[in-house]
**Q** 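Here it is, the structure in full.
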Amino acid sequence: MLSFESFFFMFSEIQICCAEVVAGSAAWLGRGLSCVCAQRRESDPRPSFDLNPAQEECLQRLQLRIDVAYDSSIPEHREALRALWNAAFPDEELRDLISEQWKEMGWQGKDPSTDFRGGGFISLENLLYLARNFPKSFQDLLRKQEGDRSVWEYPFAVAGVNITFMLIQMLDLEAVKPRTMVGATFLKFLSENESAFDLLYCITFKLMDHQWLAMRASYMDFNTVMKSTRRQLERELLLEDVTRLEDLPSYSLLSR
């Protein structure tokens, strides 16, 4: 069995190319884990969908969240990080916010703030939402408690940041208005539930792990699994009988 440090050394050697996004090159997240981004350039013709005032307001509020970078000088950010540790390991005291203990959660180093560059503070909020609203699923994912696991598993926390980033790109959330049917469909859900992005994150994390197990994946397959997860999620969001996120077939994977 590889040590965690050896795992990350091996993981850093994988050359997974991250596709270009509308605004330019996407961030490299973690050592070898990359986002699965839209492969279209700014010059590509893309349809747009008009929003009603309520949808516009909800999108703007979500965009404000997306724009917030993690800042260790802000007390609320430090408290959120500590809350994540307490949710993950309630019986183990965190000695310091910069500690080798963080590697137990799947951060690449002793300071998790360095891994938030690609996902921002919202990626920490997403993990906390998962921990607080679906604690069983959170623990199952963290501790890899379901299925026949690989010797070289994906690191939980860094994978979580990647999922946040992938969803932002898939839903085109940095655009003024949606340019895909998937994005437009999501904004309808968002206007009815302000926690829609966080809930979709939880569904996506469980779906990714489900795909990981179904594909009998190992660390070299992470990008392939993420692409498969994205395709499945897009299909589910466009199903005619889905009127809320709880109707998505993959929602049933979550456990409280």
Side-chain angles (χ1 to χ4, degrees), residues 16-30 33-42 44 46-49 51 55-71 77 80 112-130 154 157-191 193-208 222-223 225-238 245 248 250:
I16 304 175
C17 294
C18 193
E20 281 192 314
V21 294
V22 174
S25 296
W28 186 270
L29 305 179
L33 281 181
S34 65
C35 66
V36 182
C37 307
Q39 298 187 28
R40 290 177 176 171
R41 298 176 183 274
E42 193 172 354
D44 288 347
R46 305 172 81 178
S48 62
F49 297 82
L51 304 177
Q55 291 171 334
E56 212 169 85
E57 185 179 347
C58 288
L59 174 59
Q60 289 169 357
R61 282 200 294 268
L62 180 55
Q63 288 172 333
L64 288 175
R65 287 181 64 195
I66 290 169
D67 287 342
V68 176
Y70 179 86
D71 186 346
H77 289 200
S113 67
T114 62
D115 290 329
F116 288 125
R117 286 189 300 268
F121 183 61
I122 193 172
S123 59
L124 173 54
E125 291 180 312
N126 289 158
L127 283 166
L128 270 175
Y129 185 92
L130 174 60
Y154 64 85
V158 176
V161 175
N162 274 265
I163 289 170
T164 298
F165 192 64
M166 183 270 281
L167 286 175
I168 291 169
Q169 298 302 315
M170 183 188 84
L171 301 170
D172 202 15
L173 292 177
E174 293 176 306
V176 175
K177 53 186 176 180
R179 294 174 288 186
T180 66
M181 185 60 74
V182 168
T185 300
F186 170 75
L187 285 182
K188 176 181 177 296
F189 298 146
L190 183 66
S191 67
N193 177 5
E194 283 220 52
S195 299
F197 185 79
D198 303 273
L199 178 56
L200 186 60
Y201 172 89
C202 299
I203 296 168
T204 306
F205 210 146
K206 279 297 290 184
L207 175 59
M208 185 278 290
F222 183 80
N223 204 40
V225 173
M226 285 287 280
K227 287 179 180 179
S228 176
T229 301
R230 174 172 174 159
R231 287 192 297 269
Q232 178 62 27
L233 197 60
E234 288 173 330
R235 284 193 293 267
E236 292 189 15
L237 283 167
L238 297 179
L245 290 177
L248 293 176
S250 292

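The shown structure was predicted, so the numbers you read here are calculated from the model rather than taken from an experiment.
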**Q** Quick check: closest heavy atoms across L190 and A196, and the distance to 0.1 Å?
**A** CA-CB, 3.8 Å
**Q** Just to verify, what does F116 make a ring-ring contact (aromatic ring centres under 6.0 Å, His included) with, not counting sequence neighbours?
**A** Y70, W107
**Q** Is the backbone of Q63 close enough, under 3.5 Å, to the side chain of E174 for a donor and an acceptor to pair up by distance?
**A** no
**Q** Please list, chain by chain and in numerical order, all residues satisfying side-chain contact (heavy atoms from CB on, under 4.5 Å) with R235, sequence neighbours excluded.
**A** R231, Q232
**Q** The criterion is side chain to side chain donor-acceptor pair (under 3.5 Å); which residues satisfy it with S191, sequence neighbours excluded?
**A** none
**Q** Would you compute the distance between atom OG1 of T204 and atom CE of M226 and round it to the nearest 0.5 angstrom?
**A** 8.5 Å
**Q** Indicate the atoms forming the closest heavy-atom contact of L128 with A80, along with that distance.
**A** CD1-O, 3.5 Å
**Q** Using the test ring-ring contact (aromatic ring centres under 6.0 Å, His included), find all partners of F121 that sit at least two apart in sequence or belong to another chain.
**A** H77
**Q** Hey, what do you get for OG (S195) to CG (L62), rounding to the nearest 0.5 Å?
**A** 10.5 Å
**Q** By side chain to side chain donor-acceptor pair (under 3.5 Å), which residues pair with T229, not counting sequence neighbours?
**A** none
**Q** Pick out which of L127, T164, N126 makes a side chain to side chain contact (heavy atoms under 4.5 Å, CB included) with F205.
**A** L127
**Q** Does E194 have any side-chain contact (heavy atoms from CB on, under 4.5 Å) partners at least two apart in sequence or in another chain, and if so, which?
**A** R61
**Q** How would you list, by chain and number, every residue that makes a side-chain contact (heavy atoms from CB on, under 4.5 Å) with A175, sequence neighbours excluded?
**A** D172, R179
**Q** List for me each residue that meets side chain to side chain donor-acceptor pair (under 3.5 Å) alongside N193, sequence neighbours excluded, and say none if there are none.
**A** none
**Q** Of all the heavy-atom pairs spanning S250 and I203, show the shortest one and how long it is.
**A** CB-CG2, 3.8 Å
**Q** Could you work out, with side-chain contact (heavy atoms from CB on, under 4.5 Å) as the rule, every residue matching E234, not counting sequence neighbours?
**A** M170, V182, R230
**Q** Please list, chain by chain and in numerical order, all residues satisfying salt bridge (Lys or Arg N to Asp or Glu O under 4.0 Å) with E125, sequence neighbours excluded.
**A** R65
**Q** When rounded to the nearest 0.5 angstrom, what distance separates CG in L200 from CG in L207?
**A** 9.5 Å
**Q** Rounded to the nearest 0.5 Å, what separation is found between the CG atom of L238 and the OG1 atom of T185?
**A** 5.0 Å
**Q** Working to the nearest 0.5 Å, report the span between CG of L199 and OH of Y129.
**A** 5.0 Å
**Q** Can you name the side chain to side chain donor-acceptor pair (under 3.5 Å) partners of S113, sequence neighbours left out?
**A** D111
**Q** Can you see which heavy atom on P178 is nearest to which on A184, and at what distance?
**A** CB-N, 3.5 Å
**Q** Atom SG in C202, atom CG in L130: separation rounded to 0.5 Å?
**A** 4.5 Å
**Q** So which atom in V158 and which in N162 form the shortest heavy-atom distance, rounded to 0.1 Å?
**A** O-ND2, 2.8 Å
